> 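Dropping a structure here in structure tokens format, bear with me for questions.
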Amino acid sequence: MNDIVLQALDSGLLTITMNRPDRRNALDAEMTRGLVDAARRAAEDHEVRAVLLKGAGGTFCVGGDVKSMAEGRAPLPFEAKMANLRRGMEVSRILHEMPKPVVAQVDGAAAGAGLSIALACDLRVASTSAKITTAFAKVGLSGDYGGTYFLTHLLGSAKARELYLMSPVLTAQEALALGIVTRVVPDAEVEASARDLAMSLAQGPSVTLGYIKRNINNAEHLSLEACFDAEAIHHSRSGETADHKEAAKAFVEKRKPVFAGH
């Protein structure tokens, strides 16, 4: 754990905070390493039942540190540059694939790789004044951190082409209308709203939520028959959990279930 990426676990919810507010949480090598480590911890730690990803200082993440890129440092060999980038991009894969729900608190701006990381999350709560853009074309880069994959699956290739090639800056309401964000709330409420949503997932039937996430991820690349098979397996397994038994009992007793996460 480092000071650039903060982690706090509370009642099953791991809050991961990108902490470079002076650079609007632009990604540098240290932050990238910290994000990958935090995502791995979230995926592997049985005490973590859901994740909230946010940025410090009222901004989610503006992507790569373009200022550092422009400072004229000696460039790395191509192979080393590609290897470093690929290692950092693991954060998006882990967030997308871990069998736990992940919520992004999108305020200020989500741009470039910052947007890609937000898209790797399951749900996105945006503040009214948030600005959202792919940004890559404007700085002469083609894109990274899985943004083209996530945006294409989320919106379809035609809209993904438009947002990447033309790189418009979307308002939160425009992003909501497209389906990029889950909900939009006033700026003063975004932190509480995102945390409440993430905490509700952390207190839910976490094994079942993990199976739901796997089913939806499967639908992105498996055949219908394979998805049927996986659904049957996951449905049967979730039916054997204590959480399912508690939910069924609570339904009969007309009360709110209390989930234990197993």
Side-chain angles (χ1 to χ4, degrees), residues 4-5 16-29 31-32 35 39 52-71 85 88-89 91-93 95-96 102-191 193-194:
I4 301 298
V5 176
I16 301 172
T17 304
M18 295 174 281
N19 190 35
R20 292 186 78 205
D22 56 317
R23 300 298 284 268
R24 302 179 72 198
N25 301 316
L27 298 169
D28 65 359
M31 179 180 284
T32 298
L35 282 172
L52 173 62
L53 179 62
K54 57 187 286 192
T59 294
F60 183 72
C61 175
V62 295
D65 195 335
V66 178
K67 184 176 180 180
S68 294
M69 296 177 196
E71 286 177 350
L85 180 58
M89 288 167 62
V91 63
S92 293
R93 183 191 64 77
L95 293 173
H96 180 67
V102 184
V103 176
Q105 176 187 315
V106 180
D107 45 359
L115 175 58
S116 300
I117 292 171
L119 293 171
C121 300
D122 300 300
L123 302 170
R124 288 157 291 280
V125 178
S127 63
T128 302
S129 66
K131 302 298 181 184
I132 294 168
T133 180
T134 60
F136 290 109
K138 292 182 178 179
V139 293
L141 294 169
S142 61
D144 55 19
Y145 282 76
T148 51
Y149 176 91
F150 298 124
L151 207 56
T152 299
H153 279 85
L154 188 65
L155 304 182
S157 62
K159 183 57 69 173
R161 290 174 201 273
E162 176 186 332
L163 296 182
Y164 264 84
L165 294 173
M166 299 172 65
S167 198
V169 177
L170 303 176
T171 66
Q173 287 295 339
E174 289 171 334
L176 179 66
L178 288 173
I180 294 175
V181 300
T182 309
R183 62 179 62 159
V184 176
V185 299
D187 290 4
E189 299 174 16
V190 67
E191 186 166 359
S193 181

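Quick note: numbers below take in every heavy atom, side chains included, and nothing from hydrogens, waters or symmetry partners. Everything numeric here is computed off the predicted structure, so don't read it as measured data.
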> When you look at L115 and Y145, which way does the side-chain contact (heavy atoms from CB on, under 4.5 Å) test go after all the steps?
CA-CA 9 Å; L115 175 58; Y145 282 76; over 6 Å; no
> Side chains of I132 and V169, heavy atoms from C-beta outward: is any pair under 4.5 Å?
no
> Nearest 0.5 Å, what's the CG-CD1 distance between L163 and I180?
5.5 Å
> What I'd like to find out is whether the side chain of D65 reaches to under 4.5 Å of the side chain of R23, using heavy atoms alone.
yes
> For the pair T32 (side chain) and D28 (backbone), establish whether a donor and an acceptor sit closer than 3.5 Å, ignoring hydrogens and angles.
yes
> Is there side-chain contact between V5 and T17, with at least one heavy-atom pair below 4.5 Å?
no
> Could you tell me which non-hydrogen atom of L85 sits nearest to which non-hydrogen atom of D144, and how far apart they are?
CD1-OD2, 3.6 Å
> Stepwise, does the side-chain hydrogen bond (donor to acceptor under 3.5 Å, both in side chains) test hold for S129 with D187?
CA-CA 7 Å; S129 66; D187 290 4; 2.6 Å; yes
> Considering non-hydrogen atoms only, spot the tightest contact between S193 and V125 and give its length.
OG-CG1, 3.9 Å
> Which heavy atom of R24 sits nearest a heavy atom of A109, and at what distance?
NH2-CB, 3.5 Å
> Would you check if Y164 and T148 make a side-chain contact, meaning some heavy-atom pair closer than 4.5 Å?
yes
> Any side-chain heavy-atom pair from L27 and C61 closer than 4.5 angstrom?
yes
> Output the distance between atom NE2 (H153) and atom CG (L119), rounded to the nearest 0.5 Å.
12.5 Å
> Closest approach of I117 and S92, non-hydrogen atoms and distance?
CG1-OG, 3.9 Å
> Provide the full list of side-chain hydrogen bond (donor to acceptor under 3.5 Å, both in side chains) pairs with a residue in residues 104-125, sequence neighbours left out, each pair given once.
Q105-D107, D122-K213
> Locate the shortest heavy-atom distance separating V181 from A126; write the atom from each residue and the value.
CG1-CB, 4.0 Å
> Report yes if the side chains of T171 and L176 come closer than 4.5 Å at any heavy-atom pair, otherwise no.
no
> Could you please spell out the steps behind the side-chain contact (heavy atoms from CB on, under 4.5 Å) verdict for T133 and L170?
CA-CA 6 Å; T133 180; L170 303 176; over 6 Å; no
> Please list all pairs meeting salt bridge (Lys or Arg N to Asp or Glu O under 4.0 Å) that have one or both residues in residues 156-183, counting only residues at least two apart or in different chains.
K159-E162
> What do the steps show when you test M31 against R20 for side-chain contact (heavy atoms from CB on, under 4.5 Å), and what is the final call?
CA-CA 8 Å; M31 179 180 284; R20 292 186 78 205; 3.4 Å; yes
> Determine whether L53 and F60 make a side-chain contact, defined as any pair of heavy atoms from C-beta on separated by less than 4.5 Å.
yes
> So, taking the atom named CE in M89 and the one named CG in L35, what distance separates them when rounded to the nearest 0.5 Å?
14.0 Å
> Would K54 and I16 count as a side-chain contact (heavy atoms from CB on, under 4.5 Å) if you check the C-alpha gap in whole Å, the side-chain angles of each, and the deciding distance to 0.1 Å?
CA-CA 6 Å; K54 57 187 286 192; I16 301 172; over 6 Å; no
> Of all the heavy-atom pairs spanning A160 and T152, show the shortest one and how long it is.
CB-OG1, 3.5 Å
> Do V103 and T182 come within less than 4.5 Å of each other through their side chains, counting heavy atoms only?
no
> Quick check: does any side chain N or O of S167 sit under 3.5 Å from a backbone N or O of T134, one acting as donor and the other as acceptor?
no
